[in-house]
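Below is one structure, written out as structure tokens; the observations come after it.
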Amino acid sequence: MTDILDIRQLSILHAGPQGQRTLLSDVELTVGEAETVGIVGESGSGKSLTAKAVMQLLPQQFSVRGEIRYRGENFVAAGERRMTALRGSEISLLMQDPFTMLDPLLSCGAQVAEGLKLGMPGATRREVQDGTLRRLAEVGIRDPDVALRYPFQMSGGMRQRAAMAAALARNPQLLIADEPSTALDVTTQAEILALLKSLQEARGMALLLITHDLRVAFSVCARVNVFYAGRVLESAPAAALRSRPLHPYALGLLMSEPAIDRRAALLAAIPGTVPTPDAVAESCAFAPRCHWCQAACTSARPPLAGVGARRQTACLRIADIADDMATHRTLVDQAEEIATCSSPTTLPWCDRWSNVSTSCTAPKS
């Protein structure tokens, strides 16, 4: 598969009153033609920073190092005039909150039409109007009257559909969707994600989806990159990551997802908090929170190394702990259901990686 986006050793630094600090450190990431790739991780891991760096939308106090290549062209070296020409036509950004994208002073149709006019120089007013209605119908807005509404007159799901139509108005080859469903209710979230996936397939465009929800990534993406403290700790096909994660942090994220088909006696959680990238610059970023940490993990920074076809991990001890990780995952999956509020079960594994919930979750009679 040919890579449409190739990010190499991307680092982002911020210059503030306390001096310069690292926010993103040597990130490696690729997106193939018509491929769906996910970025997952906790808040503050650098997911949205990566998206803004690709679009070259970071404020002046941020500096970018490394390479961001789109079809071979390095965006880091591109000027603002060149990026202005590429934004919307080749690569587009769909943000979490549609209010961030949509101008409150313009109607829904006018915002889609703005993009169409840039891509259709010399088009008549009728051609732009017809194109606007087609774009809106593509995202499920088939009532022509909706094109006349302003953002505040629309529901959250309808606003996100309008924002999606505006982002796709000029037929970009790569769409970056930054938490596109987080601000929506569960039902609308599922609809937007299904729409996003169907549009990606119908258009044959590449999609880079940023989310903190692993279930969302697994439902949409073919490949997933796990971010932590400004680094990529694991990159793998979604099915492989779901069935057998190779990095302890990826395992921790999976086990932290509550079961949806049963009532569990235990809610697994990763202890501690995410460190700053500078605090773990010369060691494994996850070492302070890892059950399997040894001296080698803190004496040098592990590289993101290949362990199979399009699969990489940044764990030095993967050969030693893979079976142990699989055993711990099995114990969580096989944990007993809560029978009554007075009989919680405990999980026989490391205390540092288990938080037992004894609160009553039974429905009130």
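One is the number of the first residue; the rest follow in order along the sequence.
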Only pairs at least two apart or in different chains count here, so list each ring pair (Phe, Tyr, Trp, His ring centres under 6.0 Å) that has a residue in [range].
range            : answer
residues 11-52   : His14-Phe62
residues 184-211 : none
residues 163-186 : none

- Out of Leu94, Val216, Thr36, which residue meets the side-chain contact (heavy atoms from CB on, under 4.5 Å) rule with Leu209? Val216
Salt bridge (charged side-chain N to carboxylate O under 4.0 Å, His left out) contacts touching [range] (sequence neighbours left out):
range            : answer
residues 159-175 : Arg161-Glu191
residues 7-27    : Asp6-Arg8, Arg8-Glu67, Asp26-Arg301
residues 53-65   : none

- Item | By ring-ring contact (aromatic ring centres under 6.0 Å, His included) - contacts of Phe227 (at least two apart) | none
- Query: Does a donor on one side chain and an acceptor on the other come within less than 3.5 Å for Tyr70 and Glu90?
  - Reply: yes
- Is it the case that Thr327 and Asp324 place a side-chain donor and acceptor less than 3.5 Å from each other? no
- Query: Among all residues two or more places apart in sequence or in another chain, which pass the salt bridge (Lys or Arg N to Asp or Glu O under 4.0 Å) test with Arg215?
  - Reply: Glu257
For residues 145-158, run the donor-acceptor check on the side chains, cut-off 3.5 Å, and write out each pair with its distance to 0.1 Å, sequence neighbours left out.
from	atom 1	to	atom 2	distance (Å)
Gln153	OE1	Tyr150	N	2.8
Ser155	OG	Met158	N	3.3

- Would you say the ring centroid of His328 lies under 6.0 angstrom from that of Trp292? yes
- Message: If hydrophobic residues (ILVMFWY) are linked whenever their side-chain heavy atoms come closer than 4.5 Å, directly or via other members, who joins Val307 in its cluster?
- Response: Leu246, Ile318
- What residues form a side-chain contact (heavy atoms from CB on, under 4.5 Å) with Ala110, not counting sequence neighbours? Leu106, Ser107
- By side-chain contact (heavy atoms from CB on, under 4.5 Å), which residues pair with Asp320, not counting sequence neighbours? Arg317
- Item | Worked check of salt bridge (Lys or Arg N to Asp or Glu O under 4.0 Å) between Glu80 and Arg87 | CA-CA 10 Å; Glu80 180 58 26; Arg87 294 188 195 113; 2.9 Å; yes
- Query: So, are Lys197 and Glu201 salt-bridged, with charged N and O less than 4.0 Å apart?
  - Reply: yes
- Gln61, CD: over 12 other non-hydrogen atoms inside 6.0 angstrom: yes
